Amino acid sequence: MTTAHSFTRQDITFPSGDSTCAGWLYLPTGVTSPPVVVLGHGLGATREMRLDAFAERFAQAGIAAVAFTYRHFGDSGGHPRQLLSIKRQLADWDAALAHIKTRSDVDRSRVAVWGSSFGGGHAITVASRHPELRAAVAQCPFTDGLASALALGPLASLRMTPVLARDLATRVRGRAPAMVPIAASPGSPALMNAPDALPGYQALQPPGTTFRNEVAARVIPTIAAYRPGRAARKVTMPILFCVSNTDSVTPPAQTLRYAGTAPRGEIKRYDAGHFDFYTGETFEQLVRDQTEFLVRRLHPAPAVQTP
């Protein structure tokens with residue numbers, strides 16, 4: 001029977017902009033120059049929040065993995081803290097890919113990107129800008145800020161206007177940002193307040209997590225204007241879209257429309273909520289599908305055959 005690769009994990013840092021990103025590098029043992037996949041997370045999340053679970057499975061399949069945390073969050077650099085900048089996060093992806101090109105322990109010609117939620121939107125954008133990539137995975141991807149804002153509801157958006165105004169004022173005065181919760185209970189002002197949002201984020205946090213449930217409020221208008229799904233038609237390599245049929249954060253209808261424009265897109269749909277994708281049987285199904293896709297596109301060395 002076929003056995004899984006064993007692997008090692010090491011802490012890494014790489015430069016991005018005026019600071020650094022912290023990450024983990026997973027290397028399958030006994031494999032020379034394995035292909036590599038870069039993993040980035042969702043809205044305000046850090047790599048400890050189940051990116052390791054996906055990276056471990058990919059490493060067991062013979063694919064090296066880099067899971068990183070964006071600047072301004074977790075144990076990565078960047079000031080002020082909890083600043084969610086789409087432009088800077090996309091630059092962090094570029095920096096991660098540039099870092100891979102400096103490494104001699106992976107195959108720099110067989111590289112894929114994997115993003116979840118907000119990071120899933122970034123993965124689409126990054127793939128559209130990097131035609132040298134071999135594959136991309138967009139898991140429950142954020143594809144359209146307007147669609148997500150409408151899902152949140154206009155009343156909830158209006159409730160965040162005062163804190164947005166405060167944060168813009170602090171920015172002008174050079175003071176610490178005014179914060180807005182990332183996830184909160186229904187009816188409370190937050191970037192996400194669907195019934196499963198707050199418990200979903202809480203379920204992903206391991207003991208000692210670096211996650212903070214807040215971001216600088218100035219990001220609100222930029223999220224609403226971000227529509228990474230539009231870049232799907234420019235993604236020339238194979239891209240797998242893993243879509244929740246009941247997604248409360250990234251409405252599936254719009255995501256599926258965008259996914260249909262990717263020239264080499266593959267779509268998998270799941271009867272599970274946005275936050276169910278990271279744990280339990282839904283995670284097992286997702287990671288099997290994603291591993292099969294990445295193996296098919298990156299051609300890692302097979303694991304040792306045993307009698």
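Small disclaimer: the values here were computed from a predicted structure and weren't measured.
- Once rounded to the nearest 0.5 Å, the distance linking OH of Tyr70 with CD1 of Ile86 reads 10.5 Å.
- Nearest heavy atoms, Gln139 versus Ser116: NE2-OG, 3.0 Å.
- A 4.5 Å side-chain heavy-atom check between Leu90 and Arg129 finds at least one atom pair inside the cut-off.
- Taking Gln10 as the reference, nothing meets the side chain to side chain donor-acceptor pair (under 3.5 Å) condition, with sequence neighbours excluded.
- Residue pairs meeting the salt bridge (Lys or Arg N to Asp or Glu O under 4.0 Å) criterion with at least one partner in residues 188-199, sequence neighbours excluded, are absent.
- In this structure, the side chain of Thr143 does not engage the main chain of Gly229 through any donor-acceptor pair within 3.5 Å.
- To the nearest 0.5 Å, atom OG of residue Ser248 and atom NE2 of residue His274 are 7.0 Å apart.
- At a threshold of 4.5 Å between non-hydrogen side-chain atoms, the residues Leu84 and His72 do not count as touching.
- Closest non-hydrogen pair, Asn213 versus Leu198, comes out as ND2-CD1, 3.9 Å.
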Under 3.5 Å, which donor-acceptor pairs link side chains of residues 42-49 to any protein atom two or more places apart or in another chain?
unit_1, atom_1, unit_2, atom_2, d
Thr46, OG1, Glu48, OE1, 2.6
Arg47, NH1, Ala22, O, 3.4
Arg47, NH1, Thr69, OG1, 3.0
Arg47, NH1, Asp75, OD1, 2.8
Arg47, NH2, Asp75, OD2, 3.0
Glu48, OE1, Thr210, OG1, 3.3
Glu48, OE2, Thr210, OG1, 3.1

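- Within the structure, every pair that satisfies the side chain to side chain donor-acceptor pair (under 3.5 Å) test and touches residues 28-37, not counting sequence neighbours, is listed here: Ser6-Thr29.
- Leu97 is listed as a side-chain neighbour of Val126, based on a closest heavy-atom distance under 4.5 Å.
- To the nearest 0.5 Å, atom CD1 of residue Ile267 and atom CD1 of residue Ile239 are 10.0 Å apart.
- A search for ring-ring contact (aromatic ring centres under 6.0 Å, His included) contacts involving Phe277 returns Tyr270, not counting sequence neighbours.
- Annotation: side chain of Pro34 is not in contact with side chain of Pro300 (no heavy-atom distance under 4.5 Å).
- Applying the ring-ring contact (aromatic ring centres under 6.0 Å, His included) criterion to Tyr278, with sequence neighbours excluded, gives His41.
- Between His122 and Tyr226, the ring centre distance stays below 6.0 Å.
- Classified by interplanar angle (parallel below 30°, tilted 30° to 60°, perpendicular above 60°), the ring pair Phe68/Trp93 is perpendicular.
- Between Phe58 and Phe54, the ring planes lie tilted relative to each other; the angle falls in the 30° to 60° range.
- Ionic pairing of Arg296 and Glu266 is present here: one or more N-O contacts between side-chain nitrogen and carboxylate oxygen are shorter than 4.0 angstrom.
- Looking at every heavy atom in both residues, Ser244 comes nearest to Pro252 through O-CB, 3.2 Å.
- By the side chain to side chain contact (heavy atoms under 4.5 Å, CB included) test, Ser109 pairs with Asp107, Arg134, sequence neighbours left out.
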Could you list the donor-acceptor pairs under 3.5 angstrom formed by side chains in residues 177-185, with sequence neighbours left out?
unit_1, atom_1, unit_2, atom_2, d
Ser185, OG, Ser188, OG, 3.3

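- Ring geometry, Phe7 versus Tyr26: the interplanar angle falls from 30° to 60°, so the pair is classed tilted.
- Taken from OG1 in Thr236 to CG in Leu133, the straight-line distance is 8.5 Å, to the nearest 0.5 Å.
- Within the structure, salt bridge (Lys or Arg N to Asp or Glu O under 4.0 Å) pairs that include any residue of residues 214-232 comprise Asp144-Arg227, Asp167-Arg218, Arg212-Glu214 (at least two apart or interchain).
- Legend: residues meeting side chain to side chain donor-acceptor pair (under 3.5 Å) with Gln285, ordered by chain and number and at least two apart, are absent.
- For the salt bridge (Lys or Arg N to Asp or Glu O under 4.0 Å) condition, the pairs that include at least one residue of residues 56-67, sequence neighbours left out, are Arg57-Glu284.
- Atoms CG and CD1, on Leu294 and Ile63 in that order, are 5.0 Å from each other to the nearest 0.5 Å.
- Under a 3.5 Å cut-off, the side chain of Thr291 and the backbone N or O of Val287 do form a donor-acceptor pair.
- Contact record, Ala123 with Val113: O-CG2, 4.1 Å, taken as the closest heavy-atom pair.
- Pairs engaging residues 85-98 under the salt bridge (Lys or Arg N to Asp or Glu O under 4.0 Å) rule: Arg71-Asp92 [sequence neighbours left out].
- Between Pro141 and Ile124, the closest side-chain pair of non-hydrogen atoms falls below 4.5 Å.
- Distance alone, capped at 3.5 Å, places no donor-acceptor pair between the Arg50 side chain and the Thr279 backbone.
- Under 3.5 Å, the side chains of Thr250 and Thr255 contain no donor-acceptor pair of N or O atoms.
- Here CG of Leu286 is found 10.0 Å from CD of Glu281. Values are rounded to the nearest 0.5 Å.
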